[in-house]
Amino acid sequence: MIEALQFDFMQNALAAGLLASLIGGIMGTLVIVNRIVFLSGGIAHASYGGIGLAFFFGWPFLAGTLGFAVAAALLMATISLRARHRSDTIIGVVWAVGMAIGIVLLDLTPGYNVDLMSYLFGSILTVPASDLWIMAALSVLICGFVFLFYPDILALSYDEEFAMIRGTPVRLIYYLMIVLLAVTIVMVIQVVGLILIIALLTIPPYIVEKYARSLFQMMVGASLIGSFFTVVGLYLSYRFDLTSGAAIILVAGVGFFAVTLIEQISVRRQRLETWHKFEREEQGHVS
Amino acid sequence: MSNSIIEIKDLQFAYSRQMTLQDINLTITPGDFVAMIGPNGGGKTTLLKLMVGLLEPLAGTVCISGQPVDKASHLIGYVPQDVSINRSFPISVLDVVLMGKLGPGSRWKRNRAANRQEAMETLDRLGMAEYAQRKIGELSGGERQRVFIARALVTNPQLLLLDEPTANVDTEGQAELYSILKELNKDITVLVVSHEWIVISTYVKSIACVNRQLHFHHRPEINAEMMQSMYPHHSLKEVCPVELVAHGIPHRVLHTHEDESHD
């Protein structure tokens with residue numbers, strides 16, 4: 001790994017991966033505890049529509065994708081707040097339609113076409129320094145949001161109705177969170193791809209959730225574990241010449257299944273121990 | 001000024017094509033201990049949400065201590081249904097209670113030490129102080145309810161509203177919870193939504209029967225007529241589980257309508 005870091009592109013890739021892990025750990029925690037994984041998937045896919053829009057009309061790339069993603073996210077969030085039991089369907093529709101719009105608009109755009117693979121898996125090895133700065137700025141923004149509103153975010157995520165009665169501006173904070181999520185997804189997709197951002201949003205927070213004693217611990221833990229997956233995945237992709245995004249995701253996936261397996265085994269061992277202890281006590285009574 | 005803690009006038013509410021609540025009039029005086037009972041889907045939780053301002057009535061008014069609900073939220077301690085809350089959420093008991101200290105503007109004048117102390121004292125009052133650092137998901141149903149009551153109490157309410165507090169609690173825990181509520185009722189007005197309504201009859205002072213309409217009874221006698229109006233399709237035997245008699249809880253189900261009118 002050390003030798004790999006002589007290369008500028010490797011340094012940039014590592015920095016991008018770590019920043020994505022940090023952002024993914026914080027926003028992913030909010031996604032998991034608020035149960036909006038599907039909504040995040042919807043935002044990520046629908047944002048492809050923004051890419052199409054930007055190319056077709058010749059708009060600046062970021063303005064097109066960000067605008068489209070935020071609009072789609074707010075639409076989905078509003079509908080799911082109003083009609084909770086229907087939210088999965090509506091998200092599914094926006095998800096598919098957004099992506100279709102992107103593909104058709106790119107078909108209609110003469111000349112250069114965006115490579116769908118780089119949208120899916122990103123191009124972490126070719127990240128320009130300017131993108132790193134944007135991601136760093138976004139990280140600061142997200143940390144600031146969490147720092148300022150932590151008690152409200154906690155109350156909203158844990159028990160929305162109670163927070164509402166206490167006078168917390170629940171709607172405002174919820175929408176702020178959704179907007180930040182949309183911005184996060186768009187920015188990070190450019191760097192690491194759609195599939196990696198979903199993996200970083202879900203796998204590390206899920207692994208940490210059971211052990212964390214607070215939302216803050218969960219955010220920190222998820223960011224650290226995400227960083228570990230990223231570093232290992234990047235090394236493997238360098239060493240064995242693999243697609244870097246996919247390598248990171250596979251490492252995270254192996255981590256996910258390993259932790260699940262270990263938990264199963266330790267629960268079983270605990271049950272057996274309880275039983276053996278019970279038996280010994282029984283025998284003690286008899287003799 | 002009225003001396004009512006809750007005053008509902010001509011309230012109407014519908015979610016869609018059917019009226020959920022119609023012509024609701026209710027006045028509760030300070031110090032009362034009210035059980036709100038009725039069949040599932042009869043509108044109990046809806047009425048509770050109207051009382052705390054989570055829903056708005058189509059017509060009519062809800063006043064808490066003479067003020068409209070949206071200005072009176074600081075007077076209300078609310079204990080929601082346990083089922084609506086995510087159990088694997090990473091949060092400690094103490095942090096759940098501290099949520100009760102949240103309020104408009106409180107972010108800038110956080111008084112952490114004082115709030116923590118008050119939260120700990122409240123937990124102690126409910127016998128939960130030793131659980132303060134535990135994760136909320138590790139507690140039993142009854143313990144969790146006490147934490148939610150503590151969270152409602154640190155708001156210093158005049159009125160405590162509880163939605164099905166005994167839903168996930170065993171019979172023993174239910175009795176403990178109700179004696180806690182009885183103790184709290186010395187200082188504040190308590191209103192409990194429940195469908196395990198026979199169990200509560202020894203603790204409460206009044207009963208509000210809600211099944212689209214509302215009937216208020218100042219004494220906790222559950223009579224045949226009340227049951228008929230709420231469960232019209234059942235015979236008495238079906239809705240009056242015999243095992244509750246066997247537990248030795250004073251059972252006043254069979255007072256007749258004539259008895260009540262003579263009171």
Side-chain angles (χ1 to χ4, degrees), chain A residues 25-26 28-37 81-86 144-173 176 204-222 260 263, chain B residues 15-16 45 48-49 51-55 64 69-82 84-108 110 112 115 132-138 147-148 151-152 154-155 157 159 161 163:
Chain A
I26 296 174
T29 295
L30 295 178
V31 166
I32 295 275
V33 297
N34 282 289
R35 303 192 171 164
I36 47 174
V37 174
L81 273 182
R82 295 247 166 97
R84 248 159 234 266
H85 52 290
R86 273 272 155 262
F145 167 72
V146 171
F147 177 77
L148 268 184
F149 294 106
Y150 187 78
D152 310 83
I153 295 171
L154 181 65
L156 154 76
S157 309
Y158 183 65
D159 187 350
E160 186 190 335
E161 289 191 342
F162 189 86
M164 242 180 218
I165 294 170
R166 294 311 308 152
T168 304
V170 167
R171 287 283 144 85
L172 175 73
I173 292 174
L176 265 178
Y206 175 82
I207 291 176
V208 180
E209 189 181 32
K210 280 192 212 79
Y211 307 100
R213 308 198 75 81
S214 68
L215 208 57
F216 178 71
Q217 276 183 15
M218 189 168 160
M219 289 172 176
V220 174
T260 310
E263 271 166 8
Chain B
Y15 285 106
S16 55
T45 298
L48 200 67
K49 287 187 174 174
M51 286 180 190
V52 296
L54 285 172
L55 294 173
I64 305 295
V69 180
D70 53 334
K71 295 207 178 71
S73 67
H74 60 284
L75 301 174
I76 305 172
Y78 177 60
V79 181
Q81 266 187 56
D82 190 25
S84 59
I85 289 172
N86 175 3
R87 292 228 184 108
S88 58
F89 198 97
I91 188 168
S92 70
V93 166
L94 183 62
D95 282 344
V96 172
V97 178
L98 282 172
M99 217 172 269
K101 278 292 166 201
L102 212 67
S106 66
R107 197 175 311 119
W108 308 113
R110 275 184 215 168
R112 283 213 182 139
N115 285 348
Q133 299 304 328
R134 294 271 288 277
K135 252 173 104 167
I136 188 87
E138 296 167 1
V147 175
F148 293 148
R151 178 179 68 167
V154 296
T155 64
L159 171 67
L161 301 174
D163 195 354

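Since the model is a prediction, treat every value here as computed from it, not as a measurement.
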Select one option (side chain, backbone, both, neither) describing which atoms of [X] are under 4.5 Å from chain A's heavy atoms.
X	value
Ile76(B)	backbone
Val69(B)	neither
Leu54(B)	side chain

Q | Minimum heavy-atom distance between Arg166(A) and Leu102(B), given as atom pair plus value | A |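 Reported closest heavy-atom pair: NE-O, 3.2 Å.
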Kindly compute the distance separating [atom1] ([X]) from [atom2] ([Y]), expressed to the nearest 0.5 Å.
X	Y	atom1	atom2	answer
Asp152(A)	Met99(B)	CG	CE	10.5 Å
Met51(B)	Ile165(A)	CE	CD1	12.5 Å
Phe89(B)	Ile32(A)	CZ	CD1	12.0 Å

Q | Parallel, tilted or perpendicular: rings of Tyr158(A) and Phe148(B) (30°, 60°) | A |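 The rings of Phe148(B) and Tyr158(A) sit tilted, inter-plane angle from 30° to 60°.
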Check: [Y] and [X] side chains under 4.5 Å, non-hydrogen atoms:
X	Y	answer
Asp159(A)	Arg151(B)	yes
Val33(A)	Pro90(B)	yes
Arg213(A)	Gln133(B)	no

Q | Heavy-atom donor-acceptor pair, Lys135(B) side chain to Ala212(A) backbone, under 3.5 Å | A |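 Such a contact is found between Lys135(B) side chain and Ala212(A) backbone.
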Q: May I ask you to check whether over 12 heavy atoms, not counting those of Tyr206(A), lie within 6.0 Å of atom OH?
A: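 Atom OH in Tyr206(A) is not crowded, with 12 or fewer foreign heavy atoms closer than 6.0 Å.
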Q. For Lys210(A), does the NZ atom sit with more than 12 other heavy atoms under 6.0 Å from it, leaving out its own atoms?
A. yes
**Q.** Proximal component of Phe216(A), with respect to chain B [non-hydrogen, under 4.5 Å]
**A.** neither
Q) Tell me, side chain or backbone of Ser157(A) under 4.5 Å from chain B's heavy atoms, or both, or neither? A)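 Backbone plus side chain of Ser157(A), per the 4.5 Å heavy-atom cut-off to chain B.
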